[in-house]
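Worth knowing before you read on, the calculation uses all heavy atoms, side chains too, and leaves out hydrogens, waters and symmetry mates. In what follows, every chain begins at residue 1, and chains take the letters A, B, ... in the order their sequences are listed. Only a predicted model underlies this, so the values are computations on that prediction, with no experimental measurement involved.
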Amino acid sequence: MTMSRLKSFPGGLHPNDSKLATAGLPIEDCPLPPELIVPFSQHIGAPAESCVHVGQTVLKGEVIGTAKGFVSVPVHAPTSGEVIAVEPRPHQSGRLLPAVVIRPNGRETWAPGLCCAVPQELTPVELRERIWQAGLVGLGGATFPVHVKLSPPDDMPIDTLIINGVECEPFLTADHRLMLEAPQRILAGIRILRRILRVQRVYVGIEANKPDAIALLTPLFAKHGIEVVPLAVKYPQGAEKQLILACTGREVPTGGLPMVTGCVVQNVATTAAIADAILDGRPLIERICTVAGPGIATPKNLRIRVGTPLQHLVEVCGGLTCEPERILMGGPMMGAAQLSLAAPATRGTSGLLIFGPGQLPVRPEGPCIRCARCVGACPSRLLPTTISAYSRLDRYDDAEKYGAMDCIECGCCSYACPAGIPLVQGLRQAKGAILEKRRRG
Amino acid sequence: MLAAIICLGLIGLASAITLGFAARRFAVEVDPREQAILDVLPGVNCGACGFAGCSGFAREIAESSDITTSCPPGGATVMEKVANIMGLAPIVSDPQVAVVLCQGDNDHAKAKYRYLGINDCRAAQKLADGPKLCPGGCIGLGTCARICPFNAIEMTPAGLAVINRARCTGCGKCVASCPRRTIRLTPLDASIHVLCNSSDKGGVVRKYCSIGCIGCLICHKTTPEAYVVENNLARVVYDHHLEALPAVSKCPTHCIRDFATGYPQGSALAPATVPLHSGKAA
């Protein structure tokens, strides 16, 4: 199969994917840390509100934070134990944000009332309600509440479900391992999503650099009328708009929601978690996380509890090989740099990457040589160099005219720039300023 | 040769007649006062009045006869001239000047992380609330200095914005550009300021800054009218700024400064003859 035959999107690039270290490693269960720090803010939208007090004994799966509003989800206790604090703790955003600190008692007692269900016996509305109660968010990294995406307005008919198994970020292999180890769970999740959205057409997009996953899932899913689509090995193939374009040829219009194309995209890990939530009644309290990078002694794919401190993950993986220079939560292209290992892993932590001194090149910034490599790499077909220049001149109106709001902040432009210009950073700055202006009216 | 001269001469004549006719026929009525106002305005187009440049401001005044909006760079003298042109009584407003309420440069305030992003305070502030441990101090990437239309802000080598009070017109562009509101507009005649913007408790401030306000209340106890302490942060009551002097030398962290005698250390604006405090907390 040649690259040109594979479906894809215009633009993008292929950074060295560095996945070999962990792609062949089976998922291991991460032992419980002495303390779990469960933040209330683990999703896009309003943070949950505490409903526990210090000294209280909580059971595994018990609600410890209630949702506030529609775009919000509840937070659950990842294990049974004692609440030793409800206070601001280090968060992945670099701020101190409210969190529940739980000392596990090791008994792993499940909370009562978590019930198994047969999807066929529940209505789509009931299924959606249960998904919301289970605290499900998109596990690809953006942590958008799942029930919102599953509630399309009446004027947006949905005819296609796309399951995202692309995992185009370098280093990360969590979704790859899940597809190899739990294809039946993903299938069960797809069937639930089909029932909720009432769609027949389902694509599973997988990058062609995971031939084992494609070979395993293609015959298995074909029996259920689900098409596995091998996609070109190119970042950001797993971005929602780019995935829709590659699978269906439909393009999300400027300023529009992905839903207007009639497609709903869910990540493979989210799909498996939906099956867990409906079939077993298990809320979202664990996820698979790749701990890797040159600064980690033994990289691993771990099944971690939400709230596990990053320090504990590092210790489970044999510790550090050097003084960390850069700690990234998520992949190297879009992941968030961390202040320290004190913050906990949350529902969106698809990876923890550690780099030592000199392992991530920091190029000094030079002048733009008008080579247009950023233009060629931009998956949103923008002119990053122009918009970024406007942004740095505070000319946000011009940046908006050139389509700054269509930027998905994938970082291809900065990666491609031979002059080391922080292009995506300028675009992000412009987007922030434009949004602020819109808010003020 | 002759033909060419005649030809060009005729073309020139025809154009002159057309233009002359058009200038009279399509002339736009302009309020003469608008041009007169524009002539007295400073012409820097800074936008501090809220209009698109000086011409926009001149047109607005000529049309509305409203001179309550002032021209901060021009100050009272320009607004008096504008009032004369409009035949109105001048509105007296106190001139203002911007002040950076921070002395915590990289030598005095500790960093939270090493910032490698774009050279813009607003971008840095979005990353974990800024690269300094202090939540209110100057980030030091110079966004205000680049935005100032009057080149009145300089960045010290240690990364602190310092305002040249002689050049500052009080237009307020830097105030709007500072993501931490570290810069404020203050009355020009007030020379004593509490140069700190951290509302953390004293013990916390001491951990990350050797020159920040610890909310110890000594200034308030020395001259109760001139200082208030709110949220662990002292500030000068500018209505009583003339009484603020006795507390300057009593501040244990030297965060109260009198601009009449010296600017913060490291600034080229600091008069060499004026001895400054050591800057180190006792």
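No more than 12 heavy atoms of other residues, nucleotides or ligands sit less than 6.0 Å from atom CG of B:Asp94. Shown here is A:Arg363, whose CZ atom has more than 12 heavy atoms of other residues, nucleotides or ligands within 6.0 Å. Within a 6.0 Å radius of NZ in A:Lys68, other residues, nucleotides and ligands contribute 12 heavy atoms or fewer. Annotation for B:Arg184: atom CZ counts as buried by contact number, over 12 foreign heavy atoms lying within 6.0 Å. Other residues, nucleotides and ligands place more than 12 heavy atoms under 6.0 Å from the OH atom of A:Tyr396.
Taking CG from A:Leu339 and CG from B:Leu127, the interatomic distance works out to 8.0 Å, rounded to the nearest 0.5 Å. Residue A:Gln425 holds its CD atom at 12.0 Å from CG of B:Asn119, rounded to the nearest 0.5 Å.
The shortest heavy-atom contact between B:Ile118 and A:Pro422 is CG2-CG, 3.1 Å. Summarising the geometry of A:Gly94 relative to B:Ala128, their closest heavy-atom pair is CA-CB, 3.6 Å, with the distance given to 0.1 Å.
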Q: Applying side-chain contact (heavy atoms from CB on, under 4.5 Å), run through B:Asp120 and A:Gln429 and close with a yes or a no.
A: CA-CA 9 Å; B:Asp120 189 303; A:Gln429 166 84 11; 3.8 Å; yes
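Heavy-atom distances place no part of B:Arg146 under 4.5 Å from chain A, backbone and side chain included.
Contact annotation: the side chain of B:Arg114 approaches that of A:Glu325 to within less than 4.5 Å [non-hydrogen atoms, C-beta and beyond].
Remark: A:Glu436 does not engage B:Arg122 in a salt bridge, criterion side-chain N to carboxylate O under 4.0 Å.
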